[in-house]
Amino acid sequence: MARRIAAGAAYGGGSIGLLGAAAVGLVLAEVQLAKHTVGGGRAPIPPRGDGLYGLAFGRENPLRLGVIGDSTAAGQGVRRAGQTPGALLASGLAAVAERPVELRNIALPGAQSDDLERQVTELLADRSRTPDVCVIMIGANDVTHRMPPTQSVRYLASAVRRLRTAGAEVVVGTCPDLGTIEPVYQPLRWMARRVSRQLAAAQTIVVVEQGGRTVSLGDLLGPEFAANPREMFGVDNYHPSAEGYATAAMAVLPTLCAVLGLWPETDALDADRDEDMLPVARAAATAASEAGTEVTGARAPWALLKHRRRRRLPATTDAPATAASTPEPAEDRVGPA
């Protein structure tokens, strides 16, 4: 199904339905029930995390990190800038690279994939600040708003292509598993999981084709979410908590470092961690069902499936240093990798 979605996007195919018509009435009824519970608390407006991270390494020659996508990329659900995924990734990247990192987060809560064109245009507007690497997190709102998956992945492929053409590396956190949302009941939970994973696999195929890498966000990310939903979800029971975002960021950071040449790369695959070289579509489907899995292109039509080791992120302060703020002591801002 993921291969059909990706092919439909590439060759102008129409919508490919993911759910049978007989289930529509039941799904709509359960959606109405879920709405009374999901979002019952109000998620705060995401704090702005833009600025310079890693002041321990000075201010000159910073790496430029862009973040685009939806509320997950923006960090909705937390109140402090240092708890957002962009801030966590910028701090971790600075610690590994031993260089300052300039973060620009253009992500918009509620955004669907059709907003990526606008976000990429804004991110690339200043040619002197073209990002070295861009992280994209998108897809959940496409599922909940029933955007045709062929359209969804077409928008994503276009965004990745534009960023790669501009000289930026791209890492995409694929559509999260909406079946992990606690107030959603069966059979909607099963259907949400199936649709989310199919979209995530299709996203992986088109991103790899455009020269990017993906990390499956799955259940954001790993068994912790299913085991500890009270800790991993925010006050609205929908967006991640600070702990949930930290877990996701720790899964994305190794791939972010690897794509910039800061992480050891080897052609040897670790069989103990189920790493393998597979056809792209098969690698995409496998990654969609195994959270935290990286997929990167090899020689067409093959892709590498990797499970990189997670490392604890250094502590961050509530906000980065900007021209309008007084920076805190550098030693308090970035710790060791």
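Keep in mind that this is a model prediction, so the values were computed, not measured.
- Across every non-hydrogen atom of Val120 and Ala159, the tightest pair is CG2-CB, 3.8 Å.
- Atom CG of Asp142 is separated from atom OG of Ser113 by 3.5 Å, given to the nearest 0.5 angstrom.
- Shortest non-hydrogen contact noted between Ile68 and Cys134 is CG1-SG, 4.0 Å.
- Here the straight-line distance linking atom CG of Leu163 with atom OG1 of Thr130 works out to 9.5 Å at 0.5 Å rounding.
- Put simply, the side chain of Thr293 does not reach to within 4.5 Å of the side chain of Thr286, judged on heavy atoms.
- Across Pro62 and Leu52, no two heavy atoms sit closer than the pair CB-CD1, 3.9 Å.
- Placement of Leu108 and Val143 in two distinct hydrophobic clusters is found when ILVMFWY residues are connected by side-chain heavy-atom separations under 4.5 Å, directly or transitively.
- Shown here for Ala284 and Ile205, the closest heavy-atom pair between the two residues is CB-CG1, 3.8 Å.
- Taking both residues in full, the closest heavy atoms of Ala283 and Val295 are given as O-CG2, 4.0 Å, listed atom of the first, atom of the second, then distance.
- Pro85 and Gly75 make their closest contact through CD-CA, 3.6 Å (heavy atoms, listed as atom of the first residue, atom of the second, distance).
- Counting only distance, with no hydrogens or angles, the side chain of Thr204 and the backbone of Ala200 share a donor-acceptor pair below 3.5 Å.
- Membership of the apolar cluster around Tyr155 extends to Met147, as traced through chained side-chain contacts below 4.5 Å between ILVMFWY residues.
- Judged purely by atom type and a 3.5 angstrom limit, Asp132 uses its side chain to pair as donor or acceptor with the backbone of Arg64.
- In this structure, NZ in Lys306 is found 9.0 Å from CE in Met277, a value given to the nearest 0.5 Å.
- Side-chain atoms of Gln119 come within 3.5 Å of backbone atoms of Gly69 as a donor-acceptor pair (strictly under, hydrogens ignored).
- Within the model, atoms CE of Met137 and OG1 of Thr72 stand 7.5 Å from one another, a figure rounded to the nearest 0.5 Å.
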Residues Ser158, Leu116; criterion side chain to side chain contact (heavy atoms under 4.5 Å, CB included); working and verdict: CA-CA 9 Å; Ser158 176; Leu116 289 177; over 6 Å; no

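- In the hydrophobic clustering of this structure, Ile106 groups with Val172; members are Ile, Leu, Val, Met, Phe, Trp, Tyr whose side-chain heavy atoms approach within less than 4.5 Å, directly or through other members.
- In this structure, Leu256 and Leu65 have side chains that are in contact, with non-hydrogen atoms separated by less than 4.5 Å.
- With rounding to the nearest 0.5 angstrom, the CG atom of Leu93 is 6.5 Å from the CG atom of Leu262.
- Judged as a salt bridge (Lys or Arg N to Asp or Glu O under 4.0 Å), and not counting sequence neighbours, Arg162 has no contacts.
- Screening Val208, Val170, Val171, Thr214 for a side-chain contact (heavy atoms from CB on, under 4.5 Å) with Val160, the sole residue that qualifies is Val170.
- The backbone N or O of Arg213 lies less than 3.5 Å from no partner atom in the side chain of Thr296, so there is not a single donor-acceptor pair.
- Counting only distance, with no hydrogens or angles, the side chain of Asn105 and the backbone of Ala73 share a donor-acceptor pair below 3.5 Å.
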Derivation and outcome, side chain to side chain contact (heavy atoms under 4.5 Å, CB included), residues Val101 and Leu89: CA-CA 10 Å; Val101 173; Leu89 291 172; over 6 Å; no

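- Proximity of Gln203 to Cys175: side-chain heavy atoms (C-beta onward) are separated by under 4.5 Å at one or more points.
- Going from atom OH of Tyr53 over to atom CG of Leu88 covers 8.5 Å, rounded to the nearest 0.5 Å.
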